[in-house]
Trainee: 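Starting off with a structure, shown below.
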Amino acid sequence: MGIGRLGPTEIILILVVVFLLFGAKKLPDMARSLGKSARILKSEAKAMKEESNTSAPAGPPTPGEQPPAQRTIQAAPGDVNSARPVNEPTDTTQR
């Protein structure tokens with residue numbers, strides 16, 4: 001067995017150590033928090049990708065044009081306590 005390879009015995013040993021260190025009550029909360037963070041990261045990456053695909057005009061908005069709607073980032077479905085509006089910059093110049 002090489003140095004970089006983990007077998008089932010090593011994985012079980014690592015899980016037991018993590019369980020003993022953090023306890024049974026903390027593990028579900030940690031997993032839930034990790035899941036929320038992953039969802040936020042995924043949604044932000046998707047929003048950035050969509051934003052780069054639809055480039056906005058470089059000039060100021062014309063009088064008939066409406067400003068872009070304000071987006072709301074929500075941590076998890078149904079979690080309204082952590083939802084907050086996000087003010088996006090309107091300046092499209094590079095800094």
Trainee: How long is the span from the NZ atom in Lys26 to the CG atom in Leu21, to the nearest 0.5 Å?
Mentor: 13.5 Å

Trainee: Does Asp29 offer a backbone N or O that forms a donor-acceptor pair with the side chain of Ser33 under 3.5 Å?
Mentor: no

Trainee: Which other residues end up in the same hydrophobic cluster as Leu41, if Ile, Leu, Val, Met, Phe, Trp and Tyr are linked when side-chain heavy atoms come under 4.5 Å apart?
Mentor: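 Its cluster partners, ordered by chain and number, are none at all.
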
Trainee: Quick check for you: to the nearest 0.5 Å, what is the distance between Leu27 atom CG and Leu15 atom CG?
Mentor: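 Rounded to the nearest 0.5 Å, the CG-CG separation comes out at 9.5 Å.
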
Trainee: Apply the side-chain contact (heavy atoms from CB on, under 4.5 Å) test between Val16 and each candidate in Leu20, Ile14, Val18; give the one that qualifies.
Mentor: Leu20

Trainee: To the nearest 0.5 Å, what is the distance between NZ on Lys49 and CD on Glu44?
Mentor: 15.0 Å

